[in-house]
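Comments concern the structure below.
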Amino acid sequence: MKLATWNVNSVRPRLELVLEWLAREQPDVLMLQEIKCETEQFPTQAFEAAGYGCAVVGQKTYNGVATLSHTPFEITNASLPGVADPAARYIEIRTQGLLLGNLYLPNGNSGGEEGYATKLAFADALHDRAQTLLQANTDFVLAGDYNICPTPEDCAPGALGPEDALVRPQSRAAWRRLRWLGLTDALRALHPHGAAYTFWDYQARAWERDSGLRIDHMLLSPRVAERLRTAAPDREEREKPRPSDHVPLVVTLSEPPPRSH
DNA sequence: ATGGCTCGTGAAACGAGA
């Protein structure tokens with residue numbers, strides 16, 4: 001099973017790029033963030049023509065998430081339980097025996113301390129959602145743009161100041177708290193050290209200087225982690241004309257073991 | 001060097017992004 005997450009920074013100007021990527025990579029599921037359009041404006045027909053059903057939560061101008069699935073699915077949540085903020089930042093589906101949460105965690109650099117508190121509140125609610133799913137013995141993946149660089153290795157030297165919301169101690173603590181539930185960081189489980197960036201700023205020739213960040217992640221519940229085979233950012237997408245500032249993170253899983261009884 | 005790009009909005013700057 002092949003899963004991917006990709007912050008596309010607006011789906012409409014990126015539609016051809018995403019369709020080409022789907023045709024080439026043929027993932028089972030692609031989780032998109034920052035679609036930046038209302039649900040009705042999402043190019044559902046184009047993705048359906050490519051063989052993917054769409055679960056979409058959009059809004060005007062900002063945010064928005066969509067999950068594309070090659071296999072039949074049901075939507076289990078169109079917002080993150082416990083989050084009062086109406087921003088379109090979470091959609092969750094069930095397919096192939098997995099619950100797949102697609103999230104766009106608030107950046108937290110705008111809106112002062114109130115904006116930062118929104119980020120931490122979302123992370124708290126995500127922790128509670130993961131805990132609920134673990135208690136229900138559910139196999140799940142939480143994938144998306146977490147807007148957190150978990151460790152200094154995940155931030156190119158000088159790319160961010162120490163006060164940035166992506167590296168603030170409370171942001172990193174929120175990430176560790178998720179991991180301490182027993183979740184596996186797919187990328188780091190297979191590649192424990194070194195840069196594995198998923199984002200390069202459009203500005204200051206960040207891509208050319210490889211001044212990137214690792215902020216897009218997939219967390220796996222324990223039984224899913226046992227099936228982990230590969231995890232890698234697709235850096236080639238950052239070379240394309242008019243790219244997103246993020247690249248896809250691609251994870252492959254082996255088939256689930258036969259059920260015991 | 002707090003700017004540098006790239007979006008959406010809506011028709012000019014501006015906010016958000018990270």
Contact string for nucleotides 8-13 of chain B, one letter per nucleotide 5' to 3', B = base within protein heavy-atom range under 4.0 Å, S = sugar-phosphate only, - = neither, reads SS----

**Request:** In sequence, state the C-alpha distance, the side-chain angles, and the governing distance for A/D124 and A/R177, and then conclude on salt bridge (Lys or Arg N to Asp or Glu O under 4.0 Å).
**Result:** CA-CA 9 Å; A/D124 269 353; A/R177 193 158 166 260; 3.1 Å; yes

- With a 4.0 Å cut-off on heavy atoms, is A/N147 in touch with a base, just the backbone sugar-phosphate, or nothing at all? sugar-phosphate

The nucleotide from B/dT6, B/dA18, B/dC7 with an atom nearest the side chain of A/Y202 is B/dT6

When rounded to whole Å, the CH2 to P distance for the pair A/W200 and B/dT6 reads 16 Å

Between A/A125 and A/L80, the two heavy atoms sitting closest are CB-CD2, 3.8 Å

Atom CD of A/E34 and atom C1' of B/dA16 are separated, to the nearest Å, by 8 Å

Item to complete: Name the nucleic acid region contacted by A/Y146, choosing base, sugar-phosphate or nothing; use a 4.0 angstrom heavy-atom cut-off, strictly under.
Response: nothing

Expected list for residues 206-217 of chain A near DNA chain B, using heavy atoms below 4.0 Å, is A/L213, A/I215

Against the side chain of A/S110, the closest entry in B/dA16, B/dG4, B/dA18 is B/dA16

Just distance, no hydrogens or angles: give the donor-acceptor pairs under 3.5 Å from side chains in residues 94-106 of chain A, sequence neighbours left out.
unit_1	atom_1	unit_2	atom_2	d
A/R94	NE	A/E74	OE2	3.4
A/T95	OG1	A/T71	OG1	2.7
A/T95	OG1	A/P72	O	2.8
A/Q96	NE2	A/D28	OD1	3.3
A/Q96	NE2	A/T71	OG1	3.2
A/N102	OD1	A/Q33	NE2	2.8
A/N102	ND2	A/L32	O	3.2
A/N102	ND2	A/A66	O	3.1
A/N102	ND2	A/T67	OG1	3.1
A/Y104	OH	A/E34	OE1	3.4
A/Y104	OH	A/E34	OE2	3.4

Q. Centroid-to-centroid, A/W200 to A/H246, below 6.0 Å?
A. no

